[in-house]
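Since the structure comes first, as structure tokens, the remarks are kept for the end.
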Amino acid sequence: MHTVEKIGGTSMSRFEELMDTILVGKRTVPEELYNRIFVVSAYGGITNYLLEHKKTGEPGVYARFANAESEQAWIDELNKVQARMEEINAELFGEAEFERNAADSFVIERLNDVRDCMKSLHHLCTYGHFQLEEHLMKVREMLASIGEAHSAYNSVLALRKAGINARFVDLTGWHMDQPLPFEEMIKQQFEDVDIASEMLIATGYTHCEEGLMKTFDRGYSEMTFSMIATVTGANEAIIHKEYHLSSADPMLVGTDNVVTIGATNYDVADQLSNLGMEAIHPKAAKGLRRNGVKLRIKNAFEPEHEGTIISQEYHSDAPRVEIIAGRKDVFGIEIFDQEMLGDAAYDIEISKLLAQLKLYVINKDADANSITYYVGGSRKMVNRAARLMEDMYPEGQIRLHNLAIVSAIGSHMKVKGILARTVSALAEAGINVMALHQSIRQVEMQCVVSDEDYEQAVIALHAALIEPRNPSVTSAA
Ligand SMILES: Nc1ncnc2c1ncn2[C@@H]1O[C@H](COP(=O)(O)OP(=O)(O)O)[C@@H](O)[C@H]1O
Ligand SMILES: N[C@@H](CC(=O)OP(=O)(O)O)C(=O)O
């Protein structure tokens, strides 16, 4: 009987505290220490530097390489990653010379390998027979994998230093001849391990034939986590986060005002992940659901608390809003064209274009002669999309808006007047609702507001729809 436990990047950045909570804490005997497989993400921010910023799209090493910026531009960026990784190693190991040297040598070797590969590839692609585009995905995978290799390797060094029998499970395939299919790779790597006497620390990145980044993209460590849990037949799968899964972002609304979500369902988790707040990667949830593995989300720093159980069946007893979530830095791309009336091709063509530019469409709405796409991504790509749309539809008028989406989510919200209460809470806070979306399933209500109103809108909705039910807030008032 073992568990598979994922630690997200934000929590990994507080590693010393993790040693005292979920990794070691008061555990002394093998039965408590072992029978746990940990899957770790890169330290917070590292994947953003290696690839591009997950939310703002700000270019990192990969994006600079792919955009064919000068060689110096991506090399400078790679040097910055190295400096940041060394800084993390210093923070973690300080005076512990053996560990610090081992940690530095490990990442420097990987970064040198990738630097050499990228330079050679660049050179190769100066010959017309070789096209850079054909190899970009491999570069992206290679770069991403270094983030998780770094954090997993360091964790093993720190655990061994503390006398724990920890083992590094390197799923990055760094020196493998041939990639294996995803499931096969996990099976093979976990074949000869002894779960009962070793603490296994696996990289959240897995090198595989399908390409983890290509198939699942960012947040991929949850795919590795879910595959390990199903392949090894875990008793429970646990995701450790920086906070309890709460009724809103505790950083925004205040830890005292939020309510911890005791249970929720996969439908709610999907809505959260659409907004970029990943309770669980939707595709990772699928594997666990199908294999009947129980999923729990916990606060990494409060190990005694039971956390949130995610199941298929859960619905709140009484109808209510359970979570206020949202996303800033959303662009509204509006196209108005009177020729559009009754022509579905517009939507199909524009959706294709946005997908090609890797812009994530959070939602869209339409009336007789206009469509607005609410997208996340870099401003540069959004501007490019707008220009291409102008070329495609010379009669159309394209406008860009800087927006935010604030959403009220619940597993059981089919009740009269809930939408009216949501909108009036925003009106009372003096916030203009620019668009409103609710689908017939009524699992969420999305309010589109100006980007500057984001924080106030979350606070106002939480205060109106959730805090009156929170006993700790009511009694404090
Ligand atoms: N409803 C929510 N419940 C808990 N945390 C939230 C919520 N909404 C936003 N957050 C924010 O998510 C941030 C990242 O958390 P976490 O999921 O642990 O990151 P990671 O993806 O690195 O694992 C937290 O710092 C917190 O401020
Ligand atoms: N570090 C990777 C993979 C991941 O899943 O990270 P996190 O668990 O911090 O969301 C990313 O940012 O995409």
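Fair warning: this is a prediction, and the values are worked out from it, not measured in the lab. Residue numbers count from 1 along this sequence.
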Practice task
Begin from the C-alpha positions of Glu91 and Arg84 and carry the test salt bridge (charged side-chain N to carboxylate O under 4.0 Å, His left out) through to its verdict.
Solution key: CA-CA 11 Å; Glu91 281 162 23; Arg84 179 68 196 121; 3.8 Å; yes
Problem - Worked verdict on Gln446 versus Asn363 for side-chain hydrogen bond (donor to acceptor under 3.5 Å, both in side chains) - result: CA-CA 9 Å; Gln446 285 187 356; Asn363 210 335; 2.7 Å; yes
Exercise for the section: With side-chain hydrogen bond (donor to acceptor under 3.5 Å, both in side chains) as the test, would you mind laying out the steps for His401 and Asp451 before giving the verdict? Expected result: CA-CA 9 Å; His401 308 265; Asp451 199 40; over 6 Å; no
Problem - Worked verdict on Thr203 versus Val40 for side chain to side chain contact (heavy atoms under 4.5 Å, CB included) - result: CA-CA 6 Å; Thr203 55; Val40 299; 5.9 Å; no
Exercise for the section: Could you walk me through whether Leu403 and Lys328 pass side chain to side chain contact (heavy atoms under 4.5 Å, CB included), step by step? Expected result: CA-CA 7 Å; Leu403 304 170; Lys328 263 178 88 95; over 6 Å; no
Exercise for the section: Determine, stepwise, if the pair Leu288 / Leu295 fulfils side chain to side chain contact (heavy atoms under 4.5 Å, CB included). Expected result: CA-CA 7 Å; Leu288 297 172; Leu295 175 66; 3.9 Å; yes
Practice task
Dump the intermediate steps for salt bridge (charged side-chain N to carboxylate O under 4.0 Å, His left out) on Arg14 and Glu17, then the final yes or no.
Solution key: CA-CA 6 Å; Arg14 295 168 57 184; Glu17 292 169 67; 2.8 Å; yes
Handout entry: Residue pair Arg36, His2: steps toward the side chain to side chain contact (heavy atoms under 4.5 Å, CB included) verdict
Key = CA-CA 6 Å; Arg36 298 183 298 159; His2 68 280; over 6 Å; no
Exercise for the section: Carefully, step by step, assess Arg387 and Glu390 under the rule salt bridge (charged side-chain N to carboxylate O under 4.0 Å, His left out). Expected result: CA-CA 5 Å; Arg387 276 199 305 277; Glu390 271 161 6; over 6 Å; no
Handout entry: Intermediate values then yes/no, side-chain hydrogen bond (donor to acceptor under 3.5 Å, both in side chains), Tyr373 and Asp365
Key = CA-CA 7 Å; Tyr373 297 84; Asp365 57 32; over 6 Å; no
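Between Leu275 and Ala325, the closest heavy-atom pair is CD1-CB, 3.9 Å. Counting all heavy atoms, side chain and backbone alike, Thr422 lies closest to Cys447 at CG2-SG, 4.1 Å. The minimum heavy-atom distance linking Ile466 with Ile323 is given by the pair CD1-N, 4.0 Å. Residue Val39 comes nearest to Ser221 through the heavy atom pair CG1-O, 4.0 Å, listed as atom of the first residue, atom of the second, then distance.
Panel note: side chain Ser424, backbone Ala427; no donor-acceptor pair is recorded below 3.5 Å. Using a distance-only test at 3.5 Å, with no hydrogens or angles considered, a donor-acceptor pair links the side chain of Arg296 to the main chain of Glu306. Thr3 places no side-chain N or O within donor-acceptor distance of the main-chain N or O of Glu5, the cut-off being under 3.5 Å. Under a 3.5 Å cut-off, the side chain of Gln271 and the backbone N or O of Glu444 do not form any donor-acceptor pair. Judged by distance alone, the side chain of Asn257 and the main-chain N or O of Glu467 form no donor-acceptor pair under 3.5 Å. Side-chain atoms of Ser13 come within 3.5 Å of backbone N or O of Gly44 as a donor-acceptor pair. Here the side chain of Ser378 pairs a donor or acceptor atom with the backbone of Met381 at under 3.5 angstrom. A distance-only check finds no donor-acceptor pair linking the side chain of His240 to the backbone of Pro303 [under 3.5 Å]. Put simply, the side chain of Thr308 gets close to the backbone of Ile261: a donor and an acceptor are under 3.5 Å apart. A donor-acceptor distance shorter than 3.5 angstrom exists from the side chain of Ser226 to the backbone of Ala284, with no hydrogens or angles considered.
With sequence neighbours left out, the side-chain contact (heavy atoms from CB on, under 4.5 Å) criterion links Thr47 to Ala42, Leu51, Glu148, Arg218, Tyr220. Under the side-chain contact (heavy atoms from CB on, under 4.5 Å) criterion, Lys55 pairs with His53, sequence neighbours left out.
Between the side chains of Tyr205 and Glu141, a donor-acceptor pair is found at a separation under 3.5 Å. Judged by distance alone, the side chains of Thr172 and Ser145 never bring a donor and an acceptor atom under 3.5 Å apart. The closest side-chain donor-acceptor pair between Ser151 and Asn154, if any, does not fall under 3.5 angstrom.
Taking the centre of each ring, His281 and Phe225 stay at or above the 6.0 Å mark.
A salt bridge is defined here as a Lys NZ or Arg NE, NH1 or NH2 lying under 4.0 Å from an Asp or Glu carboxylate O, and Lys364 with Asp347 meets this definition. Salt-bridge check for Arg140 with Glu52: passed, with a basic side-chain N closer than 4.0 Å to an acidic carboxylate O. Note on Glu77 versus Lys80: salt bridge recorded, some NZ/NE/NH1/NH2 to OD/OE distance being below 4.0 Å. Ion pairing between a basic and an acidic side chain is recognised when a charged N comes within 4.0 Å of a carboxylate O; Asp76 and Arg64 show no such pairing. With respect to the salt-bridge test (charged N to carboxylate O, under 4.0 angstrom), the residues Lys26 and Glu32 do not qualify.
Residue pairs that meet the ring-ring contact (aromatic ring centres under 6.0 Å, His included) test with at least one member in residues 300-351, sequence neighbours left out, are His244-His305, Tyr346-Tyr393.
Atoms OG1 and CD1, on Thr206 and Ile228 in that order, are 6.0 Å from each other to the nearest 0.5 Å.
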